[in-house]
Colleague: 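Provided herewith is a single structure, encoded as structure tokens, for subsequent inquiry.
Residue numbers start from 1 in every chain, and the chains themselves are labelled A, B, ... in the order their sequence lines are given, proteins ahead of strands.
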Protein chains: 2
Amino acid sequence: MVDRAERSKWVSKDARRRDIVAAAIDSVARVGFADTTLATVAREAGMSQANLLFHFKSKDALLVETLRHVSAEFAETWQSALAKAGTDPLARLLALVGASFSPKVCNRKSIAVWHAFYGEAKSRPQYLKICGANDHERYEATTQACRDLLLAEGKPPDGASDMARMIEGLIDGLWVDILISPDMANRFEAQRIVLLQLRILVPDRAADIDAWEAANARRRAPAP
Amino acid sequence: MVDRAERSKWVSKDARRRDIVAAAIDSVARVGFADTTLATVAREAGMSQANLLFHFKSKDALLVETLRHVSAEFAETWQSALAKAGTDPLARLLALVGASFSPKVCNRKSIAVWHAFYGEAKSRPQYLKICGANDHERYEATTQACRDLLLAEGKPPDGASDMARMIEGLIDGLWVDILISPDMANRFEAQRIVLLQLRILVPDRAADIDAWEAANARRRAPAP
DNA sequence: GTCTATACGGTGATAGAC
DNA sequence: GTCTATCACCGTATAGAC
């Protein structure tokens, strides 16, 4: 049990750490991972370099925490979408797709940050572990939805993991497109492509996918 | 017209630059982009830092040249595969897929280097331009093959660009998997997934895809 | 908690010998 | 061409005042 003063101190300390992590994300997005220094983060956070190292014991620790935060934020997005999706396997799959292209996670800044860490992952086991866990968790959720969907369709569920790889792989690849070719690719276009693929993968439910896409479009541009 | 001595000097100079670029690639793959310094490259190349700057006017210029080299190497791989593929649109599409998963370009070191530059691309316009041009060129080639394939099948070619996005996107996404989850994904598995997708996209030619896959497997493990 | 001042090593780049 | 020696600067991290 902590008294109010102590708790408020803790909350404040934690809030400060969040501010710093947010600044680190902005810095990585703006100047890149390689050029992100304590100075750039401090500037973005509006505080001194020394204060960064008061809240995090080193630059490395700060960056690891930043990656963890980005990863957790993404996980929360698709997990909460899944929680709201009900029990229909297709609805769950669509929720996962929708979450992957929600503005919160699918914007150029977030994708750039994500890929900045991907780029360093091979040479930093800690990054690799966090990125890998993230990917794996989402892949498991997708596989589960695919399996349920196949079973609901009366098909053998053996193909679920391959199906999940096709969906997840395509999403990841389209993210790269959005990062590298922002003129050609955006989250709406990308989601359209994934839904196209989904219709081919589950032709029997094409109508349901149409309906979901229409509802999705309506949600962002309410009818006149 | 250059005399032999002068040409040999030029060739030697060019060869030296290639050595340095190769060392830069090794360094980026081993210690990452952020930790790649003139010292790490010089060490990898077995020469002094000063010599690096004799051949390239700056570290930045060296890294740009390195990205160009990686990009050109990849382009040559799929272009040469395409040149050998004949005229059948499906064969050309399969050539592009095969090139994307050939050991020359689809190994963890190359993918790591590639993504290291991707990670920095948003904050470095020069990198973005090179990466974007690379992606675009390959996308155009794939779209062309898809269009020809659809026409050959007697279908409207309107869906060619979407089809190309599905294929290219999936390939890019699976590359990420190989980088991040090397235990789960490798180039054989990844190619298998893309071929699975291709069979769904072009069901009429499934048998041809089977045959290509079988021939491909035979090529790497000759019959007893 | 947050700051300024500072230590210290490593970084990209240059000068000049060979 | 390639090296060693050296430069000025900038990076992370710490000390200590407030």
Side-chain angles (χ1 to χ4, degrees), chain A residues 2-24 26-28 30-67 116 120 123-124 126-127, chain B residues 2-24 26-28 30-67 116 120 123-124 126-127:
Chain A
V2 290
D3 67 66
R4 194 153 46 197
E6 199 167 313
R7 177 174 157 70
S8 105
K9 218 165 62 184
W10 183 87
V11 166
S12 151
K13 214 179 148 185
D14 196 68
R16 218 73 180 103
R17 283 172 63 100
R18 283 177 191 280
D19 290 345
I20 294 171
V21 165
D26 286 343
S27 170
V28 170
R30 215 189 61 244
V31 304
F33 185 95
D35 288 350
T36 286
T37 66
L38 290 177
T40 65
V41 178
R43 203 173 181 290
E44 204 89 43
M47 62 181 79
S48 70
Q49 298 185 29
N51 206 21
L52 264 46
L53 294 170
F54 172 78
H55 289 283
F56 294 90
K57 68 171 182 303
S58 70
K59 183 196 178 189
D60 261 15
L62 163 58
L63 289 175
V64 168
E65 183 70 16
T66 301
L67 175 54
E120 294 292 311
S123 51
R124 308 198 192 204
Q126 214 168 167
Y127 291 6
Chain B
V2 291
D3 67 66
R4 192 151 49 199
E6 199 168 313
R7 176 173 158 71
S8 105
K9 218 165 66 184
W10 184 85
V11 166
S12 151
K13 215 180 149 185
D14 196 68
R16 218 71 181 104
R17 283 171 63 98
R18 283 176 190 280
D19 290 346
I20 294 171
V21 164
D26 287 343
S27 171
V28 171
R30 216 190 58 243
V31 306
F33 185 94
D35 288 350
T36 286
T37 65
L38 289 177
T40 64
V41 178
R43 201 173 182 289
E44 204 89 44
M47 63 182 78
S48 71
Q49 297 186 31
N51 206 22
L52 263 47
L53 294 169
F54 173 77
H55 289 281
F56 295 89
K57 69 172 184 301
S58 70
K59 184 197 177 187
D60 261 13
L62 164 57
L63 288 175
V64 169
E65 182 70 15
T66 301
L67 174 55
E120 294 291 313
S123 49
R124 307 198 190 204
Q126 213 167 169
Y127 290 6

Colleague: I need the CG-P distance between B/Leu53 and C/dT11, as an integer number of Å.
Modeller: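 Atom-to-atom, B/Leu53 to C/dT11, this comes out as 14 Å.
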
Colleague: Nearest whole Å is fine: how far is C/dT2 C1' from A/Lys13 NZ?
Modeller: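 Rounded to whole Å, this separation is 14 Å.
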
Colleague: Quick test: give all pairs of protein nitrogen or oxygen and nucleotides 7-11 of chain D nitrogen or oxygen below 3.5 Å, distance rounded to 0.1 Å.
Modeller:
none

Colleague: So which heavy atom on A/Val31 is nearest to which on A/Thr36, and how close?
Modeller: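 Closest approach of A/Val31 to A/Thr36, heavy atoms only: CG2-OG1, 3.7 Å.
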
Colleague: Where do N or O atoms of nucleotides 3-7 of chain C meet protein N or O atoms at under 3.5 Å, pair by pair?
Modeller:
{"residue": "C/dC3", "atom": "OP2", "partner": "A/Ser48", "partner atom": "N", "Å": "2.8"}
{"residue": "C/dC3", "atom": "OP2", "partner": "A/Ser48", "partner atom": "OG", "Å": "2.8"}

Colleague: Heavy atoms only: give me the nearest A/Ser27-A/Thr40 pair and the separation to one decimal.
Modeller: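 Answer, listing the atom of A/Ser27 first, then A/Thr40: OG-OG1, 2.8 Å.
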
Colleague: In the structure I gave you, are the side-chain heavy atoms of A/Thr66 and A/Val28 within less than 4.5 Å of one another anywhere?
Modeller: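 A side-chain contact under 4.5 Å is absent here.
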
Colleague: How many angstroms lie between atom CG of A/Asp35 and atom CZ of B/Arg124, to the nearest 0.5 angstrom?
Modeller: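 So the CG of A/Asp35 and the CZ of B/Arg124 are separated by 4.5 Å.
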
Colleague: Which pair of non-hydrogen atoms, one from A/Ala23 and one from A/Val41, has the smallest distance, and what is that distance?
Modeller: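 It is CB-O, 3.7 Å.
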
Colleague: Just verifying a value: how many Å separate B/Arg43 CZ and B/Asp26 CG, rounded to the nearest 0.5 Å?
Modeller: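 Result: 12.5 Å between the selected atoms.
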
Colleague: Kindly calculate the angle separating the two end axes of the helix from C/dG1-D/dC18 to C/dC18-D/dG1, each obtained from five base pairs, and round it to 10 degrees.
Modeller: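 End-to-end axis angle: 0°.
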
Colleague: Distance check needed: D/dT12 P versus A/Leu52 CG, whole Å only.
Modeller: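 Rounded to the whole Å, the gap is 10 Å.
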
Colleague: Go through C/dA13, D/dA13, C/dT2 for me and flag the one nearest to the A/Phe54 side chain.
Modeller: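 Nearest to the side chain of A/Phe54 among the choices is C/dT2.
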
Colleague: Let me know the distance between NZ of B/Lys57 and P of C/dA13, rounded to the nearest Å.
Modeller: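 Value for this atom pair: 10 Å.
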
Colleague: Separation of A/Phe56 atom CZ from C/dG1 atom C1', in whole Å?
Modeller: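 Nearest whole value for this atom pair: 14 Å.
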
Colleague: How long is the straight-line distance from OG1 of A/Thr37 back to NZ of A/Lys59, given to the nearest 0.5 Å?
Modeller: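 If we round to the nearest 0.5 Å, A/Lys59:NZ and A/Thr37:OG1 are 6.5 Å apart.
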
Colleague: Give, for atom CD of B/Glu44 and atom CG of B/Leu52, the distance between the pair rounded to the nearest 0.5 Å.
Modeller: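 Nearest 0.5 Å value for the CD-CG distance: 11.5 Å.
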
Colleague: With rounding to the nearest 0.5 angstrom, report the CG to CD distance, B/Leu67 to B/Glu120.
Modeller: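 Rounded to the nearest 0.5 Å, the CG-CD separation comes to 11.5 Å.
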
Colleague: In Å, rounded to the nearest 0.5 Å, how long is the span from CZ of A/Phe56 to CZ of A/Arg16?
Modeller: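 Between A/Phe56 CZ and A/Arg16 CZ, I get 11.0 Å after rounding to 0.5 Å.
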
Colleague: Does some side-chain heavy atom of A/Val21 sit less than 4.5 Å from a side-chain heavy atom of A/His55?
Modeller: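 They are not in contact (no side-chain heavy atoms under 4.5 Å apart), so the answer is no.
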
